[in-house]
Amino acid sequence: MSTGDDKPQHGGWFSMPFPINVDNLFKFKDQCAQSSGALHTADGDAMRASSIVGQQEALLVEECQHDLQVTSDVCDEISNDLKELTNAVSELAWTMKSVRDEYEGIAQKARACGLLVTGDMVILFDESDDDLLRSYNELQAQAEVQRLNYERAEH
């Protein structure tokens with residue numbers, strides 16, 4: 001069988017592999033956003049606690065305030081990192097959703113015009129039908145665009 005890169009003599013095929021679970025990407029994005037929010041709240045709580053401790057007259061006030069400041073700084077830094085991760089995962093999820101939806105559309109168009117679709121493969125058995133061959137070539141080009149979109153998003 002041909003990979004679809006060359007003109008097949010007795011037909012050809014191209015594939016649209018998509019091993020990504022888009023729903024899980026969106027769930028992970030939401031978990032990152034929630035964690036970032038919780039750490040942002042913890043940062044504020046540590047600063048309020050430091051303020052309360054600062055009003056005390058105990059020997060360990062300065063040490064306790066230092067520890068609370070370190071805690072606040074760490075929470076703030078991780079919260080910001082999680083915000084960046086949330087944005088990156090969101091962008092990946094939306095791009096992958098688009099690729100997945102386009103692949104599904106290509107498969108539907110392939111079935112509608114009489115091509116065989118099995119799993120992630122579109123198969124052309126007979127290239128003697130010019131309309132079928134033209135449809136196959138158009139869909140193969142669309143699949144290649146989506147493959148490149150997938151690779152760019154993954155990178």
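- Residues Y150 and Y103 place their aromatic rings such that the two centres sit no closer than 6.0 Å.
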Q.
Walk me through whether F28 and C32 qualify under side-chain contact (heavy atoms from CB on, under 4.5 Å).
A. CA-CA 6 Å; F28 180 64; C32 288; 3.5 Å; yes
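- A donor and an acceptor atom, one from each side chain of N87 and E91, are nowhere located under 3.5 Å apart.
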Could you walk me through whether M96 and L92 pass side-chain contact (heavy atoms from CB on, under 4.5 Å), step by step? CA-CA 6 Å; M96 289 300 185; L92 176 64; 3.8 Å; yes
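- Taken from CG in D30 to CD in Q34, the straight-line distance is 6.5 Å, to the nearest 0.5 Å.
- Taking every heavy atom of both residues into account, I123 and T118 meet most closely at CD1-CG2, 3.5 Å.
- Closest non-hydrogen pair, R100 versus V22, comes out as NH1-CB, 3.6 Å.
- Nearest heavy-atom pair across V53 and V61 is O-CG1, 3.6 Å.
- Rounded to the nearest 0.5 angstrom, D67 CG and L60 CG are separated by 9.5 Å.
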*Take L139 and F14 through the test side-chain contact (heavy atoms from CB on, under 4.5 Å) and record every step on the way to the result.*
CA-CA 9 Å; L139 294 172; F14 63 88; 3.9 Å; yes
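- The 12-atom threshold is exceeded at CD of E154, counting heavy atoms of other residues, nucleotides or ligands nearer than 6.0 Å.
- One hydrophobic cluster, built from ILVMFWY side chains closer than 4.5 Å, holds both V74 and L82.
- For T95 against A153, the heavy-atom pair with the smallest separation is CG2-CB, 3.4 Å.
- Of all the heavy atoms in Y136 and L124, the pair that sits closest is CD1-CB, 3.5 Å.
- In plain terms, the two heavy atoms of G54 and Q65 that are nearest each other are CA-NE2, 3.3 Å.
- M47 places a side-chain heavy atom less than 4.5 Å from the side chain of Q69.
- With values rounded to the nearest 0.5 angstrom, I78 atom CD1 is found 13.5 Å from K83 atom NZ.
- With contacts defined as side-chain heavy-atom distances shorter than 4.5 Å, the pair K109/E138 does not qualify.
- In this structure, V117 is a member of the same hydrophobic cluster as L133, with clusters built from ILVMFWY side-chain heavy atoms closer than 4.5 Å.
- Here the straight-line distance linking atom CD1 of I52 with atom SG of C64 works out to 10.5 Å at 0.5 Å rounding.
- Looking only at distances, a side-chain donor or acceptor of S35 sits under 3.5 Å from a matching main-chain atom of Q31.
- Here the CG-CG distance, from D43 to D73, works out to 7.5 Å after rounding to the nearest 0.5 Å.
- The pair D23-K27 fails the salt-bridge criterion, with no side-chain N (NZ, NE, NH1 or NH2) lying under 4.0 Å from an Asp/Glu carboxylate O.
- Rounding to the nearest 0.5 angstrom, the gap separating the CG atom in N80 from the OG atom in S36 is 7.0 Å.
- Using a 4.5 Å cut-off on side-chain heavy atoms (C-beta onward), F18 and D120 make no contact.
- Using modelled atom types, no side-chain atom of S90 and backbone atom of T86 make a donor-acceptor pair closer than 3.5 Å.
- Looking at M16 and I106, their side chains come closer than 4.5 Å, going by heavy atoms from C-beta outward.
- Cluster membership for V70 and L68, using ILVMFWY side-chain heavy atoms within less than 4.5 angstrom, is not shared.
- Residues R134 and D131 are in side-chain contact: their nearest non-hydrogen atoms beyond the backbone lie under 4.5 Å apart.
- The closest donor-acceptor contact from the side chain of D76 to the backbone of S72 lies at 3.5 Å or more, if one exists at all.
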Salt bridge (Lys or Arg N to Asp or Glu O under 4.0 Å) for R147 and E151? Distances and angles first, verdict last. CA-CA 6 Å; R147 185 189 65 76; E151 287 177 3; 2.3 Å; yes
